Novice: 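Mind having a look at this structure? Questions to follow.
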Amino acid sequence: MLTPEEMEMISDRRLPVQQAFDSDMLVQNLLEVGTRVRSEVHVHQIDANQGAYADQILMPSWLQRKLHSLGINKLYEHQGEAIQNIREGRNVVLCTKTASGKSLAYNVPIMEKLVSDPDACALYLAPFKALVEDQFTHLKEWADDIDEQGNKISLNGFSRFTVNGQQISVGLLHGQRNVPEHMRKDQASSFVFSEGRYWLTNVHYLHLILQGASSPKGKGPGLLRFLQNLRFVVIDELHQYSGLLGSKVSLVLRRLRMLCDRLGNKNVQFIACSATIANPKYLAEELTGMRGLKGFHEISGVRAPVKKKAILMWNPGLSDDEQKKRAVVSDLYEILRTIYKDGRWPRSIIFTSNRQQAQLLSRELNMILRSHLHDHGVLSADEPHEFFLPYHAYLTQEVKERTIQKLEQGEILGVVTTSALEVGIDVKCLDVCILLGYPGSQASFWQQAGRVGRSRDGVVIMMVQEEPLQQYFARNPEEFFTLSPESAAINTTNPKLLKEHLAYAAHELGGTLTNAMNYVRSSALRKVVAEASDQWQQIEGKLHYQGETPRYQTLFTMGDTYTVVTKNGWNEDILFQSVDGRSLIRDYHVDAVFLGPDNRTFYKVKWVNNRQRKVVVEPVRTDYHTRGIVRDSIEIHDITNPLISDAAIKSNLGSIIVKRSTFGYKKIYNHGAMPPETVQLTNTYPVSFQTEAFWLMWDHQGRDELGLLKDVQNCESIDLETLVEGSLHAVEHAIASAIPAVVRCSMADFQHTSFYSGSALFGMPGMFFYDSQAGGGSGIVEVVAEKFGVLLEKARQIISSCGCSDGCPSCIQLFHCEKQNEPLHKAGALLIINHLRKSFG
């Protein structure tokens, strides 16, 4: 006599997930499929490795017992080296591959200190909330056995327990914007501030927490108590702090150090953990400002045991009409049908480039797999089971937690995710990882590939898309697997950011900065103080702030975030949260249609409430979804650094004004039932912002020199203007394709455009590369300018290594090109690149 709801609650939804997984057999089956569908498949094998273990490390008996209870009988070499160096008071940066036990390497000495010193405190910082929650769960495993516990408390976001009889309070601190009261994880924050000794938070919220340092009431005293006794700061996922975020976090960490110094605490140690990047020691020292005597000891290399892993680089073949390559998703369906047959039930993770694709693809995969398993007699026709669920940053925390729980318990086969699951969230059950395209950097690739093969052998499939850089890798797979990791780029002297954060620091320190030059480069400091002389007064080496009390802005500068809601009478249900401005005008403009988080219901945007920052939507029955067409127009605002200025060509660093608007949208019919339709919008509300750019401009003499293309023109019936424009356009595309391989960034971090006669460059030919973020500050365009000669050589390789005659998606066509890849000219592009290399040697 159970209700349908009760039946649903007690029903066993687990799938028959297998205990054994034969990766060799799966790879063999996939190679057979590749041959059948005429795709190029390159297999790269990573052999299993037993790893290197540390010699006996001296440990107190209680710590040995605790490690044994956690199933750890011996430590790896890199863990031993980290523990020893942390014990000796050094700052340490630990740069090893995923699943190599980095958290244990710092938690052993931290817990030793917290047990031996009842006042000592530690701070854990991560870029994302989900990672902070994951660490909180693991820290609670350090608690003594239940019968040894005394004054234990466990709340949502706070835990007090004993370790070797010593009381330790651990707590989460989260921001609470857009989070309903009943879903808040931070209800226990007053406990964290009053008695917490191990704080776990994200860098965004630490920035806001610090403003309480000047308050004698509320949580101010608790913050000062913590900072006065702070001994360790753990910076997890160090490689994520590249570009604009890294530039800002570097200033937050300097403010943290200033506060500790003012409180007489000069013993703070920094411990940074990173995936593989080229410059971990440099980045850690730049980020913390600790270069010099108190620099970092670097521990890198693979010393942990690894499981066997096969990585397949999969390049889809030509479609039946032999005119163009098949869509990546067509081969994906074939791959999944192969994976889930013959009694195989591995759990999978699929990485996509954007949130909308994660939503739509998970729905498609459920339909394909349901049909496939029904045809093979595994499922009944009416089985309502979900096999894949989406996972991305706009989903509510409750939905994300439930999805991971279902995956670990075997209720779903996998997740379709963005880079939100690239970081080290501890999901050990995954066997197969599929990447829909190169994620933009070696660090990201190896992080995503590292999600599988943690408890047993793994298989990784990177499906190569029709982009020049990816097709270049497909032609040179061995080069891809031996590529050096990228360098991370941050800018710690950005005047705009410095001005903002120095005002925050002054507010936190009671209005006076005593030794600011110990934290900020003196030249940059002098420049900021000189430009804001009405706000700062220098007396006896001290800086006194006389400006207004600063209003704390969030670290990201793309403006307000929006919540997507449905109305149900007086109530509202949240579908997505923390939607940024760019996503708003692209995906949630009026009349936009999108798939909801349940994988079934489509919604249409009724109106956007800018005052309350809400997008109000309603469910609709429809056979299509939409994708906004966003256009940028450019105007030069200021030239900050002329780089080359000869008689023919000029290159500059400076700031530009970008006006971004929704030109219209595409109706994309589900299952490709009809070709997409473009709908133009008239009631658009553009978003304008200032950002940093690097640009080239040919002046009158340079324009004449582009006549070098006349020899090409003589061989073809094409007018010179179209030829020059197409050649410049192709050069712009090739350089843009090379940037992610040379600069630590993704395609989404920068924009680019070129023209033969553009109003932005006074009617002269030229091209722009500019920061996607409002305000700039990522350091990307500076590195583009610095390494422009390297980029030109890489662009030349991308174009010349492709066997096509006229240019194709493998060399100069980009699928996101606003000009629909018209015009493009390959031979002319090579001539212009060689012409440019004379100036940029």
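Everything numeric here is computed off the predicted structure, so don't read it as measured data.
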Novice: Do Thr662 and Arg586 have side-chain atoms, one donor and one acceptor, less than 3.5 Å apart?
Specialist: no

Novice: Answer yes or no: is there a side-chain heavy-atom contact under 4.5 Å between Val464 and Tyr472?
Specialist: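 When only atoms from C-beta onward are counted, Tyr472 and Val464 do not touch, as no gap falls below 4.5 Å.
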
Novice: Taking all heavy atoms of Arg355 and all of Ser583, pick out the closest pair and write down the distance.
Specialist: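 It is NH1-OG, 3.9 Å.
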
Novice: Please confirm whether the backbone N or O of Gly440 pairs with a side-chain atom of Ser444, one donor and one acceptor, at under 3.5 Å?
Specialist: no

Novice: Kindly say whether Gly34 contributes a backbone atom to a donor-acceptor pair with the side chain of Arg38 at under 3.5 angstrom?
Specialist: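 Between the backbone of Gly34 and the side chain of Arg38 there is no qualifying donor-acceptor contact (under 3.5 Å).
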
Novice: Between Asp638 and Ser655, do the side chains contain an N or O donor and an N or O acceptor separated by less than 3.5 Å?
Specialist: no

Novice: In chain order, what residues pass the salt bridge (Lys or Arg N to Asp or Glu O under 4.0 Å) check against Arg526, with sequence neighbours excluded?
Specialist: none

Novice: For residues Met462 and Ile311, determine if any side-chain heavy atom of one lies less than 4.5 Å from a side-chain heavy atom of the other.
Specialist: no

Novice: Any side-chain heavy-atom pair from Thr418 and Asn354 closer than 4.5 angstrom?
Specialist: no

Novice: If only atom types and distance count, is the side chain of Thr640 paired as donor or acceptor with the main-chain N or O of Leu653 below 3.5 Å?
Specialist: yes

Novice: When you measure from the centre of the six-membered ring of Tyr756, is the NZ or CZ of Arg703 under 6.0 Å away and within 45° of the axis?
Specialist: yes

Novice: Not counting sequence neighbours, list each pair that qualifies as a salt bridge (charged side-chain N to carboxylate O under 4.0 Å, His left out) and has a residue in residues 793-813.
Specialist: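 For residues 793-813: Glu479-Lys794, Glu793-Arg796, Glu793-Arg837.
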
Novice: Under 3.5 Å, side chain of Glu285 to main-chain N/O of Phe296, donor-acceptor pair present?
Specialist: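 Side chain of Glu285 to backbone of Phe296: a pair is present.
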
Novice: Taking atom types as modelled and ignoring hydrogens, do the side chains of Glu822 and His729 form a donor-acceptor contact shorter than 3.5 angstrom?
Specialist: no

Novice: Between Ile634 and Trp695, is there a side-chain heavy-atom distance shorter than 4.5 Å?
Specialist: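 Counting from C-beta outward, Trp695 and Ile634 never come under 4.5 Å.
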
Novice: Using a 3.5 Å distance criterion without hydrogens, assess whether the side chain of Lys325 forms a donor-acceptor pair with backbone atoms of Pro316.
Specialist: yes

Novice: Does the side chain of Cys808 come within less than 4.5 Å of Cys802's, by heavy atoms?
Specialist: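 Counting from C-beta outward, Cys802 and Cys808 do come under 4.5 Å.
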
Novice: Could you walk me through whether Gln471 and Asn315 pass side chain to side chain donor-acceptor pair (under 3.5 Å), step by step?
Specialist: CA-CA 8 Å; Gln471 288 297 318; Asn315 195 7; 3.1 Å; yes

Novice: Under the criterion ring-ring contact (aromatic ring centres under 6.0 Å, His included), which of Tyr770, Phe768, Phe750, Phe788 is the partner of Phe694?
Specialist: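 Output: one option passes, namely Phe788.
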
Novice: Stepwise, does the side chain to side chain contact (heavy atoms under 4.5 Å, CB included) test hold for Thr492 with Leu251?
Specialist: CA-CA 7 Å; Thr492 58; Leu251 295 170; 5.6 Å; no

Novice: For the residue pair Ile235 and Thr288, what are the closest heavy atoms and their distance?
Specialist: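 That would be CD1-CG2, 3.8 Å.
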
Novice: How far apart are the closest heavy atoms of Phe351 and Arg451, and which atoms are they?
Specialist: CZ-CG, 3.9 Å

Novice: Keeping the roles fixed (side chain from Asn821, backbone from Cys817), state whether a donor-acceptor pair exists under 3.5 Å.
Specialist: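 Not a single qualifying donor-acceptor pair exists.
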
Novice: Are His239 and Glu237 linked by a side-chain donor-acceptor pair shorter than 3.5 Å?
Specialist: yes

Novice: Taking the basic N atoms (NZ, or NE/NH1/NH2) and the acidic carboxylate oxygens, is any pair closer than 4.0 Å for Glu286 and Arg521?
Specialist: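 Salt bridge flag = yes for Arg521 with Glu286.
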
Novice: Would Lys281 and Glu298 pass as an ion pair if we require N to O under 4.0 Å?
Specialist: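 The answer is no: the pair does not qualify as a salt bridge.
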
Novice: Does the Asp236 side chain pair with the main chain of Ala272, one donor and one acceptor, at a distance under 3.5 Å?
Specialist: no

Novice: Just wondering, do Leu720 and Leu706 contact through their side chains at under 4.5 Å, heavy atoms?
Specialist: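 They are not in side-chain contact.
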
Novice: Show the numbers, then the answer: is there a side chain to side chain contact (heavy atoms under 4.5 Å, CB included) between Ser353 and Gln465?
Specialist: CA-CA 11 Å; Ser353 59; Gln465 293 177 324; 5.6 Å; no

Novice: Would Asp704 and Trp698 count as a side chain to side chain contact (heavy atoms under 4.5 Å, CB included) if you check the C-alpha gap in whole Å, the side-chain angles of each, and the deciding distance to 0.1 Å?
Specialist: CA-CA 9 Å; Asp704 294 340; Trp698 282 263; over 6 Å; no

Novice: Got a donor-acceptor contact below 3.5 angstrom from the Thr493 side chain to the Ala524 backbone?
Specialist: no

Novice: For the NE2 atom of His392 and the OG1 atom of Thr352, what is their distance to the nearest 0.5 Å?
Specialist: 9.0 Å

Novice: Over 60° means perpendicular and under 30° means parallel, so classify the ring planes of Phe481 and His44, tilted if in between.
Specialist: parallel

Novice: Would you say the side-chain atoms of Lys499 pair up with the backbone N or O of Glu531, donor to acceptor, closer than 3.5 Å?
Specialist: no

Novice: Pro642 and Asn652: which non-hydrogen atoms are nearest, and at how many Å?
Specialist: CA-OD1, 3.3 Å

Novice: Using a 4.5 Å cut-off on heavy atoms from C-beta on, say whether the side chain of Val784 contacts that of Ile780.
Specialist: yes

Novice: Taking side chain as C-beta onward, heavy atoms only, is Ile832 less than 4.5 Å from Leu709?
Specialist: yes

Novice: Are Val783 and Ile739 close enough, and set up right, to give a side chain to side chain contact (heavy atoms under 4.5 Å, CB included), and what steps lead you there?
Specialist: CA-CA 9 Å; Val783 180; Ile739 285 173; over 6 Å; no

Novice: Any sub-3.5 Å donor-acceptor pair from Lys659's side-chain atoms to Ser633's backbone N or O?
Specialist: no

